[in-house]
2 protein chains.
Amino acid sequence: MTSVAAPELTPRARQTRAAIVDAALVLFRERGYEAATMREIASRAGVSTGNAYYYFSSKEELIQEFYLIRHAEHLAASRAVLARETELGARLRGTLRALIDGLAPYQAFAGTFYKHAAEPSSPLSPFSKESSPARDASIELFREVTEGSSARMSEEVRQRLPELLWLFSMGVILYWVHDPSPGSARTYHLIDVTAPVVARLVAVSRLPMLRSTVRDITRLIDDLRA
Amino acid sequence: MTSVAAPELTPRARQTRAAIVDAALVLFRERGYEAATMREIASRAGVSTGNAYYYFSSKEELIQEFYLIRHAEHLAASRAVLARETELGARLRGTLRALIDGLAPYQAFAGTFYKHAAEPSSPLSPFSKESSPARDASIELFREVTEGSSARMSEEVRQRLPELLWLFSMGVILYWVHDPSPGSARTYHLIDVTAPVVARLVAVSRLPMLRSTVRDITRLIDDLRA
DNA sequence: GAGCACACTTGAACGTGTTCAGGAAATTCT
DNA sequence: AGAATTTCCTGAACACGTTCAAGTGTGCTC
């Protein structure tokens, strides 16, 4: 578990930064977000409390780091499925299952993480136009899910699908956060049921009969995002 | 602006409680949630800091009170539309517009409020089965939206519709929270566009052709809620 | 290599939400 | 009415996230 992005920093500083991130993630996992204090994170990283704030302007910013690392691991975990499957439904299903697989150790307190996504100020907000590295990277993965598939779709659908799939994945996470079933069985079931439906919808969107409907919907989406 | 529910308390205590709630809501509106400190809330209410915690076990619990009062005012504001309109789409549209109307003074920091709804521990959580007075009361309003309408629907739809409409209203609020357009124009547009669509879907759900589809969907919903 | 600029680091201090041992006031009991 | 009990109230104290004035080190310039 190491830091992902670390621009223009002296080697020593980079190492310090990484130590803080590592300590934070370990403590997050061990104790949860709230119970992991900045004092202990800094202490475990072998630096002063104030120093942690030199690298991260707030405790919440450490969550961004969590997202980035989670994404890197999610990406790696998705490789196998994306290399194997060509059918859109299977690719989506595999990617989402990998997402939940990786989040498992954090379920107890993932709510504390992902509730921030609902805030307008958060760069993870589904509606804000401002981008965050974590969000963009995640959408990029769903672009690969889309592009690498054998599914045929119109250009207007192809353009919007990755972001829609990402939005859908956020919904899955929201559901998972609240899922008390053992092993998150219900969430996996939700994925298994809905992934093929999404693929079917995409396939159906090519029907000439639905041309105007699809246009209406895409217009609505663009409208709401504008 | 007065407190709503206040069970088995001595008159004096009830008054104290109400004073705290009033002070809290005023400060929330004036400064936002974070900037309104418990010390100042208590001070304005004319009680000690600690005393506020006798009535509310946390600052977050004051938000519940906010929900209740907002609901009472929303209910009152919806009366007119619900008395006038019989068509489901119009009833839903009017109710949702009233909801956003009433929230207007709080938009600046409503995100801080409603992000809690995404947490599993929150009683407002859309997925948890545990009920909160605020949530139940709100669903009850959407039951009135449903029952008082001229729309015909199957029993299985009628039973589930109020909660679905409530869930939809939460989605509208989520959108509104992120809506930067002047006067929340975009949110109102969303309401105007989607309300008739919902009504149409309900109407269409009676078609024999869609019987099995509707059953599939209701089964999925029940499944996910179980 | 002396001085300098700047990146990095420190820990005490601030204001916050929350707790708690204890005190005051009301209510009930005898 | 007086005692006992419960309800209500207090303010100091705690741990937390965060800030900041002041330090330390590192590399660069001349």
Side-chain angles (χ1 to χ4, degrees), chain A residues 3 5-28 30-66 109 112-113 115-116 119 121-122, chain B residues 3 5-28 30-66 109 112-113 115-116 119 121-122:
Chain A
S3 179
E8 17 188 339
L9 279 179
T10 201
R12 185 164 68 95
R14 193 197 308 274
Q15 206 174 329
T16 307
R17 200 194 120 102
I20 294 170
V21 171
D22 284 2
L25 293 204
V26 168
L27 274 170
F28 285 168
E30 276 180 11
R31 303 221 213 299
Y33 178 68
E34 326 257 72
T37 75
M38 287 299 275
R39 279 167 180 79
E40 192 170 4
I41 290 171
S43 163
R44 285 231 197 160
V47 300
S48 71
T49 311
N51 198 13
Y53 283 88
Y54 179 79
Y55 293 99
F56 303 94
S57 65
S58 72
K59 188 181 179 184
E60 197 176 324
E61 205 163 283
L62 281 167
I63 299 186
Q64 285 291 329
E65 214 64 21
F66 168 81
F109 53 95
T112 328
F113 278 12
K115 77 172 177 181
H116 292 284
E119 271 186 303
S121 59
S122 166
Chain B
S3 178
E8 16 188 339
L9 279 180
T10 199
R12 185 164 69 95
R14 192 196 307 275
Q15 206 175 329
T16 307
R17 200 194 120 101
I20 294 170
V21 171
D22 284 1
L25 292 204
V26 168
L27 273 170
F28 284 169
E30 277 182 9
R31 303 220 214 300
Y33 177 68
E34 324 258 72
T37 75
M38 287 300 275
R39 280 166 181 80
E40 192 169 6
I41 290 171
S43 163
R44 284 231 195 159
V47 301
S48 71
T49 312
N51 196 12
Y53 282 88
Y54 180 78
Y55 292 99
F56 303 94
S57 64
S58 72
K59 188 181 179 183
E60 197 177 323
E61 203 163 284
L62 282 168
I63 299 186
Q64 286 291 326
E65 214 64 22
F66 168 81
F109 53 96
T112 328
F113 278 11
K115 76 172 177 181
H116 292 284
E119 272 186 302
S121 58
S122 166

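Hydrogens, waters and symmetry mates play no part in the numbers below; they use all other heavy atoms, side chains included. Every chain is numbered from 1 and lettered A, B, ... according to where its sequence line falls, protein lines coming before strand lines.
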#### Entry: Side chain to side chain, B:V21 and B:Y55, heavy atoms closer than 4.5 Å
no

### Query
Just checking A:A35: base, sugar-phosphate only, or nothing, at a heavy-atom cut-off of under 4.0 Å?
nothing

### Task
Search all heavy atoms of A:A36 against all heavy atoms of A:K59 and return the closest pair with its distance.
O-NZ, 2.8 Å

### Summary
Against the side chain of B:Y54, the closest entry in D:dT19, D:dT7, C:dT10 is D:dT7

### Task
Could you tell me whether B:T16 contacts a base, only the sugar-phosphate backbone, or nothing, with contacts defined as non-hydrogen atoms closer than 4.0 Å?
sugar-phosphate

### Task
Report which part of the nucleic acid A:A52 touches: base, sugar-phosphate, or nothing (heavy-atom distance under 4.0 Å, all strands).
nothing

### Task
Ignoring backbone atoms, test whether A:N51 places a side-chain nitrogen or oxygen under 4.0 Å from the OP1 or OP2 oxygen of C:dC8.
no

### Query
Taking only residues two or more places apart in sequence or in another chain, which ones pass side chain to side chain donor-acceptor pair (under 3.5 Å) with A:Q15?
none

### Summary
By nearest-nucleotide position on DNA chain C, the 5'-leaning member of B:R12 and B:S58 is B:S58

### Query
Between A:S57 and D:dT18, does any side-chain N or O lie under 4.0 Å from OP1 or OP2?
no

### Query
Side-chain contact, heavy-atom cut-off 4.5 Å: A:E60 with A:Y33?
yes

### Query
Separation of A:E61 atom CD from D:dG17 atom P, in whole Å?
15 Å

### Task
May I ask you to verify if any side-chain N or O of B:Y55 is less than 4.0 angstrom from the OP1 or OP2 atom of D:dC9?
yes

## Note on the structure
Rounded to whole Å, CD1 of B:I20 lies from P of D:dC8 at a distance of 11 Å

### Distance, rounded to the nearest Å, where B:E34 contributes CD and C:dG15 contributes P
18 Å

### Message
From CE of A:M38 over to P of D:dG17, roughly how many Å is that when rounded to an integer?
### Response
7 Å

### Message
If I take atom CD in residue B:Q15 and atom P in nucleotide D:dC8, what distance separates them, rounded to the nearest angstrom?
### Response
13 Å

### Task
Could you check how far CZ of A:R17 sits from P of C:dC8, rounded to whole Å?
11 Å

### Minimum-distance nucleotide (side-chain atoms of B:R39 versus C:dG17, D:dC16, D:dG11)
C:dG17

## Note on the structure
Closest of D:dT10, D:dC16, C:dT18 to the A:T37 side chain is D:dC16

### Message
Which heavy atom of B:T49 sits nearest to which heavy atom of B:A42, and what is that distance?
### Response
CA-CB, 3.7 Å

### Task
Compare side-chain N and O positions of A:Y53 against OP1 and OP2 of D:dT18 and report whether any pair is under 4.0 Å apart.
yes

